[in-house]
Amino acid sequence: MLRKIGLHTGLVLACLSILLPVLWIVRTSLVPESMAYSSDIFPHFSGENFRSLIEDNGFLRHYANSLIVATGSVVLALPFAAATGYAFARFKTGGKAARFIMLATQMLPAVALVLPAFAMLRTVGLTNSLFGLTLVYAALNLPFLTWILMGFFEGIPVDLEWAAMTDGATAWGAFWHVVLPVSLPGLAASAVLGFILSWNEFLFALVLSGPETATVPVSLAALQTSNGVQIGKVSAGIVLAVLPLMVASHFIQRYIVKGLTFGGVK
């Protein structure tokens with residue numbers, strides 16, 4: 001009995017250590033700036049931080065920029081990642097060396113890539129544009145999404161494709177009509193993970209975007225001024241920024257559970 005009480009107490013404390021910072025951010029976003037550092041748990045609540053963030057700092061525009069860029073990068077990268085991942089999984093294209101090289105690109109520090117990306121975008125006149133940032137994010141997401149989808153495709157029994165080709169389907173037809181529908185949970189999980197990576201990215205957005213094309217991370221970083229951090233607005237921005245990630249997390253849990261079993265032969 002004492003052992004169970006001790007275990008449950010430890011779990012409760014561990015949960016509180018994770019939840020309390022999040023709850024404190026929510027609390028700070030709902031109180032006036034002058035009370036942000038107050039020790040009172042329930043001071044006077046106000047929506048002033050959200051109003052000022054939206055009206056004075058143009059946060060909704062930056063919010064929309066993040067949605068456009070994150071969604072667009074996934075839409076661009078996912079078809080190429082699906083085709084590449086399928087080629088790696090089924091035909092062993094390039095062998096193990098190609099897989100390693102693709103994975104090694106994810107090991108490069110972002111600071112080593114941001115300047116070449118800036119130079120290329122400046123050459124084609126796409127700096128300070130949402131389309132240019134979307135292209136860069138799609139390129140950054142492509143190896144990661146390919147690696148994830150390769151694992152999902154390897155879990156699909158090849159017998160399904162053979163059966164389709166026995167009935168007269170081509171290799172492309174088997175991929176389009178059999179493999180892709182079966183792998184929808186994997187595609188959805190990969191899309192959500194790619195969206196989260198693009199949504200949270202800061203360095204490329206800082207260098208490649210301008211005042212009108214800034215994303216949420218850049219917008220929040222701008223609230224740290226020479227006069228100090230505008231903690232109320234930062235907290236309000238964090239609360240708003242987390243909302244899409246909460247929705248994405250809901251879907252990723254749902255589809256990853258499906259993806260773990262979608263390779264079974266019924």
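With hydrogens and angles left out, the side-chain atoms of Ser198 and Ser73 include a donor and acceptor closer than 3.5 Å.
For Glu48, the salt bridge (charged side-chain N to carboxylate O under 4.0 Å, His left out) partners at least two apart in sequence or on another chain are Arg51. Scored by the side-chain contact (heavy atoms from CB on, under 4.5 Å) test, Ile68 finds Leu130 as partners (sequence neighbours excluded). Under the side-chain contact (heavy atoms from CB on, under 4.5 Å) criterion, Leu135 pairs with Leu76, Leu126, Phe131, sequence neighbours left out.
Scanning all heavy atoms of the two residues, the minimum distance from Glu33 to Gly232 falls at OE1-N, 3.1 Å. Minimum heavy-atom separation, Gly210 to Thr213: N-OG1, 2.7 Å. For the pair Phe195 and Val74, the tightest heavy-atom approach, listed with the atom from each and the gap, is N-CG2, 3.4 Å. For Ala205 against Thr215, the heavy-atom pair with the smallest separation is CB-OG1, 3.3 Å. Closest non-hydrogen pair, Ser190 versus Leu149, comes out as OG-CD2, 3.3 Å. Minimum heavy-atom separation, Ala81 to Leu142: N-CD1, 3.5 Å.
Residue Val239 is tested with Leu30, Leu53, Val234, Val26 for a side chain to side chain contact (heavy atoms under 4.5 Å, CB included); the sole match is Val26.
Classification of Glu154 and Arg90 as a salt-bridged pair fails, no side-chain N sitting under 4.0 Å from a carboxylate O.
In this structure, Phe88 and Met102 have side chains that are in contact, with non-hydrogen atoms separated by less than 4.5 Å. Here the side chains of Tyr63 and Pro244 are in contact, with some heavy-atom distance below 4.5 Å. Phe50 places a side-chain heavy atom less than 4.5 Å from the side chain of Leu240. Within the 4.5 Å cutoff, side-chain heavy atoms of Val111 are placed close to those of Leu203. Contact annotation: the side chain of Ser129 never approaches that of Leu133 to less than 4.5 Å [non-hydrogen atoms, C-beta and beyond]. Annotation: side chain of Ser52 is in contact with side chain of Lys233 (closest heavy-atom distance under 4.5 Å). Residues Asn57 and Leu223 have side chains in contact (heavy-atom distance under 4.5 Å, counting atoms from C-beta outward). Within the 4.5 Å cutoff, side-chain heavy atoms of Val216 are placed close to those of Phe59.
Rounding to the nearest 0.5 Å places OG1 of Thr9 at 13.5 Å from NZ of Lys4. The structure places NE2 of His8 at 7.0 Å from CG of Leu11, a figure rounded to the nearest 0.5 Å. Within the model, atoms CD of Glu161 and CD1 of Ile156 stand 7.0 Å from one another, a figure rounded to the nearest 0.5 Å. Atoms CE and CZ, from Met35 and Phe45 in turn, are 10.5 Å apart once rounded to the nearest 0.5 Å. With values rounded to the nearest 0.5 angstrom, Glu201 atom CD is found 9.0 Å from Leu206 atom CG. Note that the CG atom of Leu140 and the OG1 atom of Thr105 stand 9.0 Å from one another [nearest 0.5 Å].
Checking side-chain atoms of Ser183 against main-chain N and O of Gly186 turns up no donor-acceptor pair under 3.5 Å. With hydrogens and angles ignored, the 3.5 Å screen pairs no side-chain donor or acceptor of Asn141 with any backbone N or O of Leu197. Within the 3.5 Å criterion, the main-chain N or O of Ser29 finds a donor-acceptor partner in the side chain of Asn49.
More than 12 non-hydrogen atoms from other residues, nucleotides or ligands lie less than 6.0 angstrom from CH2 of Trp24.
Ile148 and Leu184 fall within the same hydrophobic cluster, defined by Ile, Leu, Val, Met, Phe, Trp and Tyr side-chain heavy atoms under 4.5 Å apart, directly or through other members. Two different hydrophobic clusters hold Val22 and Val12 under the rule that ILVMFWY side chains link at heavy-atom gaps under 4.5 Å. Placement of Leu193 and Leu67 within a single hydrophobic cluster is found when ILVMFWY residues are connected by side-chain heavy-atom separations under 4.5 Å, directly or transitively. Two different hydrophobic clusters hold Ile18 and Leu7 under the rule that ILVMFWY side chains link at heavy-atom gaps under 4.5 Å. Taken together through direct or relayed side-chain contacts under 4.5 Å among Ile, Leu, Val, Met, Phe, Trp and Tyr, Leu180 and Val182 form part of one hydrophobic cluster.
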Test log, rule side chain to side chain contact (heavy atoms under 4.5 Å, CB included), inputs Phe153 and Met150
CA-CA 5 Å; Phe153 290 137; Met150 181 177 63; 5.7 Å; no
Could you walk me through whether Ile231 and Thr28 pass side chain to side chain contact (heavy atoms under 4.5 Å, CB included), step by step?
CA-CA 8 Å; Ile231 188 64; Thr28 305; 4.1 Å; yes
Candidate pair Leu160 and Val179, rule side chain to side chain contact (heavy atoms under 4.5 Å, CB included), full reasoning:
CA-CA 8 Å; Leu160 297 176; Val179 176; over 6 Å; no
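A distance of 6.0 Å or more separates the ring centres of Tyr137 and Trp199. For Tyr86 and Phe175, the ring centers are positioned less than 6.0 Å apart.
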